[in-house]
Amino acid sequence: MSATAYPFAKGHGTENDFVILPDADGSTHASLTDDRVRALTDRRAGIGGDGILRVVRTDATDDPAAVAARGAATWFMDYRNADGSVAEMCGNGIRVFARWLVDHEGVAADAPVPVATRAGVLEVTVDADGRISAEVGAPALTAASSVAVDGRSWPTTGVDMGNPHAVAFVDDLADAGDLLAEPAYDHDVYPRGVNIEFVVRRGERHVAMRVHERGSGETRSCGTGAAAVMVAAALADGAVPADGSAPAEPVVYRVDVPGGELDLTWTPAGTVVLTGPAEIVAEGSATL
Ligand SMILES: N[C@@H](CCC[C@H](N)C(=O)O)C(=O)O
């Protein structure tokens, strides 16, 4: 562990919370070990968070996703789950990341901000009402499967949003139990692990969900998870083409999460846009 102090911030989007590590020139966290990620995200001995957002310029890291994005994006979101694992994308994280860029890195808020991620370059926009909208990419339907909790199982819709999701419709969100343990899933279908969403209907184009995130456990919100849920619900409702291709007109759903509410729009361009609040709540220095 390092004894040299380095800056950090804390932020969240609908209570999906992150430790932000500013590292513009890539010199402070060039080797961000799993141990340091776990120490920083620890809710008792550390700062606490569902994940880490390392803020680094694309020309200051040799991560292949950042290298590929040079020329298209200045900033790379180096995302880590709380257990230290690397994830392709984080929908709430990229919105908090953009909040940080606009508030602290001099990035203009009057135009979409391209952000490099391991799922490609995605645009983030600060809306007039202060919420932040992020492209979370085009969904890809994956194999149908099932998940189980405490001996009960449910069929799942597989949706890849850059990262893998399995969406289960349940009668009651309490059916998922305490979600302290990872639900059982088919490891042959999801060899890289999977984020698992449990969904109930609340009204027309309105659903509510809980999520067990790969690498973080149950969280209060998951932006890519909300997108996957919206895709599964829109397909089940016949609101979009059955093959999962883009709708002719924008299709909008509200997705309630334990930490708030998110709006999801599946656009005719094929991408899903995630809209909600994103805040920076603390800044300081750490030695973890
Ligand atoms: N909370 C995030 C997703 C973070 C990554 C996920 N746990 C994974 O491993 O794929 C979101 O808001 O999308």
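Both counts, for ligands and for their atoms, begin at 1 and track the order of listing.
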Show me the donor-acceptor pairs within less than 3.5 Å that the side chains of residues 169-176 make with the rest of the protein, sequence neighbours left out.
| from | atom 1 | to | atom 2 | distance (Å) |
| --- | --- | --- | --- | --- |
| D172 | OD1 | A174 | N | 2.8 |
| D175 | OD2 | D172 | N | 3.3 |

Pairs under 3.5 angstrom only: tabulate donor-acceptor contacts from the side chains of residues 221-234 to other protein residues two or more places apart or in another chain.
| from | atom 1 | to | atom 2 | distance (Å) |
| --- | --- | --- | --- | --- |
| S221 | OG | T14 | OG1 | 2.7 |
| S221 | OG | N92 | ND2 | 3.0 |
| T224 | OG1 | N163 | ND2 | 3.2 |
| T224 | OG1 | H165 | NE2 | 3.2 |

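Note on E218 versus R210: salt bridge recorded, some NZ/NE/NH1/NH2 to OD/OE distance being below 4.0 Å. Salt bridge absent: R54 and D63 never bring a charged side-chain N and a carboxylate O closer than 4.0 Å. A salt bridge does not link E279 with K10: none of the charged nitrogens is closer than 4.0 Å to a carboxylate oxygen.
Under 4.0 Å from any atom of ligand 1, one finds heavy atoms of residues N16, Y79, N81, A87, M89, C90, G91, N92, N163, N195, E213, R214, C222, G223, T224.
Among residues at least two apart or in separate chains, side-chain hydrogen bond (donor to acceptor under 3.5 Å, both in side chains) pairs with a member in residues 240-264 are R131-D263, H206-R254, H206-D256, D237-Y253, D243-S245, R254-D256, R254-E261.
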